[in-house]
Amino acid sequence: MRLRILDAGADQFPEWWTAAAIRSGFNVVSTRPDAVVLPMPLHTWTSGDFERASDFAAAARVPTVVYDPFDSWDDPSRGWRGDQSWTADVQHYVLRATIVAGPQLPAEGGPAHPVPLPYPPVVRRVPAPPDLGSSTVDVHFAGVFRDEGWAAPPHDTRNRHYRGHLVATLQRALPDHRLAIRNVEYRSEPQEGRSRLRRQYVAELDRSTMVLAPAGFGYLTFRHSDAWARGRVLLSEPVQRHIAVPEPQRWQSGEVAVLYDPLRDDIADVVAKSLKCRKGLADIARAGWEYGRRWTAPEAQVAALVHAISEHG
């Protein structure tokens with residue numbers, strides 16, 4: 001099924017959606033649309049930008065769709081913007097839409113029909129899950145973290161000091177040679193440095209059993225999808241507690257990830273127990289690889305959004 005949508009300008013869709021994927025579900029028209037996919041709100045928007053986009057939606061008189069990149073209804077900028085009027089504008093803009101889609105929409109308090117579309121992997125997906133028996137590392141993590149700074153996890157785990165707490169806990173629990181931990185900030189590197197880091201990252205993923213994907217600026221990160229894409233076991237907190245995810249029951253059951261609980265501070269025990277059951281880890285890795293293929297590919301995400309608009313628009 002293809003839906004007719006009005007051209008609302010740039011940034012209607014996430015940057016990783018290819019033109020071919022968009023064409024598989026949408027036909028851009030100038031008259032008689034089925035829906036309007038509005039530009040996604042950005043931190044740089046002014047009140048005038050919100051007003052113009054809202055006026056465009058009102059004039060169309062058809063269901064409206066917004067891709068929302070933020071992970072909070074109440075404080076979408078989480079202090080980055082620091083402008084309360086911007087928060088009010090984005091709340092009004094997003095919550096009045098017929099359909100809201102995004103990678104980490106809050107699980108509660110928003111629209112009746114959120115469409116969760118997880119981040120895609122930044123690494124190439126392997127054609128089939130590999131044999132984890134060849135792994136030489138138990139847990140891998142590459143990203144920015146700070147000194148742990150406390151004896152217990154914080155209320156909000158979207159914190160680089162909490163990442164440091166997780167890393168320090170694993171370092172106390174596992175031998176050094178069974179960990180691949182790097183404190184690195186990819187975005188601060190020049191292009192040549194990024195290419196080098198990407199190659200190193202893929203090589204480390206491919207020799208690891210588990211990939212630690214802690215919360216970052218949001219609860220869900222590209223690291224989650226990278227673990228699935230390379231057929232590794234995702235090690236994550238239960239993000240379904242905080243954000244909308246496809247098939248949340250599969251998260252709840254531990255089918256697509258090994259879950260540690262920040263409230264119990266149990267990551268070391270969870271990892272130790274999981275490593276004793278290699279068959280169980282292989283099953284999780286395969287289920288995660290299949291889940292990632294089903295829900296993070298651009299064509300699959302376009303199809304999910306088209307279905308939601310057709311069903312609830």
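Bear in mind the structure is a predicted one, so any value in this text is a computation, not a measurement.
For the salt bridge (Lys or Arg N to Asp or Glu O under 4.0 Å) test, no residue two or more places apart in sequence or in another chain qualifies with Arg61. With sequence neighbours left out, Asn183 forms a side chain to side chain donor-acceptor pair (under 3.5 Å) with no residue at all. Judged as a side chain to side chain donor-acceptor pair (under 3.5 Å), and not counting sequence neighbours, Trp73 has no contacts. By the side chain to side chain donor-acceptor pair (under 3.5 Å) test, Lys279 pairs with Asp283, sequence neighbours left out. The ring pair (Phe, Tyr, Trp, His ring centres under 6.0 Å) test applied to His224 returns no partner, not counting sequence neighbours.
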Residues His242, Asp71; criterion side chain to side chain donor-acceptor pair (under 3.5 Å); working and verdict
CA-CA 9 Å; His242 306 286; Asp71 66 352; over 6 Å; no

For a side chain to side chain donor-acceptor pair (under 3.5 Å) check, start with the C-alpha distance between Glu237 and Tyr219, then their side-chain angles and the critical distance, and finish with the verdict. CA-CA 9 Å; Glu237 68 176 275; Tyr219 290 104; 5.9 Å; no

Q) Stepwise, does the side chain to side chain contact (heavy atoms under 4.5 Å, CB included) test hold for Trp17 with Gln301? A) CA-CA 9 Å; Trp17 283 13; Gln301 294 196 344; 2.9 Å; yes

request  = Report the C-alpha distance between Ser134 and Asp131 in whole Å, list the side-chain angles of each, state the deciding distance to 0.1 Å, and finish with yes or no for side chain to side chain donor-acceptor pair (under 3.5 Å).
outcome  = CA-CA 6 Å; Ser134 62; Asp131 178 9; 5.7 Å; no

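Side-chain contact between Pro14 and Leu117 is absent, with no heavy-atom pair separated by less than 4.5 Å. Within the 4.5 Å cutoff, side-chain heavy atoms of Arg230 are placed close to those of Val123. Annotation: side chain of Pro262 is in contact with side chain of Tyr162 (closest heavy-atom distance under 4.5 Å). The closest side-chain heavy-atom distance from Glu204 to Arg182 is below 4.5 Å. Contact of the Leu3 side chain with the Ser310 side chain is registered, since non-hydrogen atoms from C-beta on lie closer than 4.5 Å. Under the 4.5 Å side-chain criterion, counting only non-hydrogen atoms from C-beta, Val271 is in contact with Val139. Taking 4.5 Å as the limit, every side-chain heavy atom of Asp34 sits out of range of all side-chain heavy atoms of Ile309. Using a 4.5 Å heavy-atom cutoff, the side chains of Trp251 and Ser236 are in contact.
Interatomic distance, CG of Leu38 versus CZ of Arg52, reported as 14.0 Å (0.5 Å rounding). Interatomic distance, CG of Asp55 versus CZ of Phe50, reported as 13.5 Å (0.5 Å rounding). Here the straight-line distance linking atom CD of Glu15 with atom OG1 of Thr18 works out to 13.0 Å at 0.5 Å rounding. Rounding to the nearest 0.5 Å places CG of Leu166 at 4.5 Å from CD1 of Ile267. Atoms OG1 and CG, from Thr64 and Leu6 in turn, are 11.5 Å apart once rounded to the nearest 0.5 Å. We find the CE-OH distance between Met40 and Tyr93 to be 9.5 Å, quoted to the nearest 0.5 Å.
Arg178 contributes a side-chain N or O that, together with a main-chain N or O of Thr136, makes up a donor-acceptor pair within less than 3.5 Å. Side-chain atoms of Arg223 come within 3.5 Å of backbone atoms of Ala142 as a donor-acceptor pair (strictly under, hydrogens ignored). No donor-acceptor pair under 3.5 Å is formed between the side chain of Arg158 and the backbone N or O of Gly218. Between the side chain of Thr157 and the backbone N or O of Ala215, no donor-acceptor pair lies under 3.5 Å. Between the Asp176 side chain and the Gln171 main chain, no donor and acceptor come within less than 3.5 Å of each other. A distance-only check finds a donor-acceptor pair linking the side chain of Arg4 to the backbone of Thr31 [under 3.5 Å]. In this structure, Arg198 contributes its side chain and Val122 its backbone to a donor-acceptor pair below 3.5 Å. Using a distance-only test at 3.5 Å, with no hydrogens or angles considered, no donor-acceptor pair links the side chain of Glu299 to the main chain of Ala21. Remark: side-chain polar atoms of Thr209 are not paired, donor with acceptor, to backbone N or O of Ser135 under 3.5 angstrom.
When every heavy atom of Asp89 is checked against every heavy atom of Ser47, the shortest pair comes out as OD2-OG, 2.8 Å. For Leu132 against Arg232, the heavy-atom pair with the smallest separation is CD2-NH1, 3.7 Å. Pro214 and Thr221 get closest at one heavy-atom pair: O-CG2, 3.7 Å. Between Pro103 and Leu220 the shortest heavy-atom distance is O-CD2, 3.3 Å.
Here Val144 sits alone; no ILVMFWY side chain lies under 4.5 Å from its own, so it joins no hydrophobic cluster. Within the hydrophobic cluster formed by Ile, Leu, Val, Met, Phe, Trp and Tyr side chains joined at under 4.5 Å, directly or through other members, Trp289 is accompanied by Val126. Side-chain contacts under 4.5 Å among hydrophobic residues (ILVMFWY), followed directly or transitively, place Val29 with no other residue at all.
At a threshold of 4.5 Å between side-chain heavy atoms, the hydrophobic network of Ile, Leu, Val, Met, Phe, Trp and Tyr places Tyr67 and Trp86 in one connected group. A single hydrophobic cluster is not seen to contain both Trp228 and Tyr119; linkage of ILVMFWY side chains at heavy-atom distances under 4.5 Å, directly or through other members, places them apart. Residues Val115 and Val245 fall into different hydrophobic clusters, defined by Ile, Leu, Val, Met, Phe, Trp and Tyr side chains chained together at heavy-atom separations under 4.5 Å. Hydrophobic cluster membership differs between Leu234 and Phe222, with clusters built from Ile, Leu, Val, Met, Phe, Trp and Tyr side chains linked at under 4.5 angstrom.
No more than 12 heavy atoms of other residues, nucleotides or ligands lie within 6.0 Å of NE2 in His307, so this atom counts as exposed by the packing criterion. Counting heavy-atom neighbours within 6.0 Å of Glu192 CD, excluding the residue itself, gives a total of 12 or less. Around atom CZ of Arg172, more than 12 heavy atoms belonging to other residues, nucleotides or ligands sit under 6.0 Å away.
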Name each donor-acceptor pair under 3.5 Å that joins a side chain in residues 105-112 to protein atoms two or more places apart or in another chain, with its distance.
none

Counting only pairs under 3.5 Å, give me each side-chain donor-acceptor contact of residues 252-260, with atom names and distances, residues two or more places apart or in other chains.
unit_1 : atom_1 : unit_2 : atom_2 : d
Gln252 : OE1    : Gln240 : NE2    : 3.1
Ser253 : OG     : Gln249 : O      : 3.2
Ser253 : OG     : Arg250 : O      : 3.3
Ser253 : OG     : Glu255 : N      : 3.4
Glu255 : OE1    : Arg250 : NE     : 3.2
Glu255 : OE2    : Arg250 : NE     : 3.2
Glu255 : OE2    : Arg250 : NH2    : 2.9

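Sequence neighbours left out, the pairs with a member in residues 191-215 that pass ring pair (Phe, Tyr, Trp, His ring centres under 6.0 Å) are His140-Tyr201. Screening residues 21-30 for side-chain hydrogen bond (donor to acceptor under 3.5 Å, both in side chains) gives no qualifying pairs among residues at least two apart or on separate chains.
Contact check on Arg278 versus Asp138 returns a salt bridge, with a Lys/Arg side-chain nitrogen under 4.0 Å from an Asp/Glu carboxylate oxygen. Looking at Asp261 and Arg241, a side-chain N of the basic residue comes within less than 4.0 Å of a carboxylate O on the acidic one, giving a salt bridge.
If you check the side chains of Asp265 and His165, you find a donor sitting under 3.5 Å from an acceptor.
Ring-plane geometry between Tyr291 and Trp295 is classed as tilted, the angle between the planes lying from 30 to 60 degrees on a 0 to 90 degree scale.
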